[in-house]
Every structure is written in C-alpha cells, then in structure tokens.
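Some notes on the structure that comes next.
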Amino acid sequence: AALSPFAATRRIGHPYQNRTPPKRKKPRTSFSRVQICELEKRFHRQKYLASAERATLAKALKMTDAQVKTWFQNRRTKWRRQTAEEREAERQQANRLMLHLQQEAFQKSLSQPLPQDPLCMHNSSLYALQNLQPWAEDNKVTSVSGVA
C-alpha cells in the first residue's frame, strides 16, 4: 500500500518526554525582619514604585532590583485579595443587619394595629381587602395604605 504524502508520522510516547529535563527551582529567598518592615512601610505609603525608586530602595535594603519588584508584585496581590475579602465580609454583615431590621420591623407591625384608613371605611372593596391581610391579628380591620 502506498503512503499518502499527507500521512503524519505517529509519535510514540508523551510529547514532553524528549525535552531536556527542567532546571532546578531556585530556593525561596528569605528576607530579614528589617527588610520586610521597610518594604511594608513603603508599601503602606506607596503601592507602586518607579524604577528609580525601586533601585534606591533595593540598594538601601541590600536587595536586588528584581527582588524588590517581585516583593511588591506579590504584596499587591495579597493586598487585593485582603481588600476583596474585607469588602465581601462588610457586604455580608450589611445584608445580615438589613435582614434583622426587616424582621424586627415585621414583628413590630404584627404587634401594633394600624390606624383605620377613612378611605377604606367608605369603600366596600377596600374594606373587604383589609380582611384578607394574613398578618392582621384576628382579622382586625387595618389600613391598606400602611402596607409597603
């Protein structure tokens, strides 16, 4: 059988097997407490550094420019995650407070009869609707206009 000129040659094994072995990962750099303290102080004042500022800070802390750059990138990522988590916690707290206030207002509305609405007293349809309110105690006549 003749081979088609478009037939692809089949590879045997995984495509990444023939690559050169990966280089060893560089060990994690440990910074001193003084370096971290200075980096954190600077970050608190300024989230981004210009290249000249970065070089000056790196020299003062006896770090490389790349180390300062990487530290600031990682710190901004951490800061964004923390602020997003704080905003979400505040949103959830506000939702819980709103729900509590709504429940409190509803309970209060159950215990306090609404004043009679003069319009309902003279309109038989509105008067009948008042008696359909499931929250009215013992089907007392209450005001329809007080319902939100």
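Atoms considered below: every heavy atom in the structure, side chains included; atoms not considered: hydrogens, waters and symmetry mates.
A donor-acceptor pair shorter than 3.5 Å can be found between the side chains of E104 and H100. A side-chain donor-acceptor contact under 3.5 Å links Q92 and E88.
For CZ of R91, the number of neighbouring non-hydrogen atoms (other residues, nucleotides, ligands) closer than 6.0 Å is greater than 12. Heavy-atom contacts from other residues, nucleotides or ligands closer than 6.0 Å to CD of Q82 number more than 12.
Among the candidates E38, H44, Q46, the single residue satisfying the side-chain hydrogen bond (donor to acceptor under 3.5 Å, both in side chains) test with R42 is Q46. Evaluated for a side-chain contact (heavy atoms from CB on, under 4.5 Å) with L39, the options M63, Q67, R75 yield exactly one hit, M63.
When every heavy atom of D65 is checked against every heavy atom of S51, the shortest pair comes out as OD1-O, 4.2 Å.
Rounding to the nearest 0.5 Å places NZ of K108 at 11.0 Å from CG of L101. Considering CZ of R87 and CD of E90, their distance stands at 8.5 Å, rounded to 0.5 Å. For the atom pair CH2 (W79) and CD (E86), the distance works out to 10.5 Å, reported to the nearest 0.5 Å.
A 4.5 Å side-chain heavy-atom check between L99 and N95 finds every atom pair outside the cut-off. Side-chain contact between L57 and F72: present, with at least one pair of heavy atoms (C-beta onward) separated by less than 4.5 Å.
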task = Dump the intermediate steps for side chain to side chain contact (heavy atoms under 4.5 Å, CB included) on W71 and E40, then the final yes or no.
result = CA-CA 10 Å; W71 188 91; E40 286 287 352; 3.6 Å; yes

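When atom types are taken as modelled, the side chain of K47 and the backbone of F43 share a donor-acceptor pair closer than 3.5 angstrom. T83 places a side-chain N or O within donor-acceptor distance of the main-chain N or O of R80, the cut-off being under 3.5 Å.
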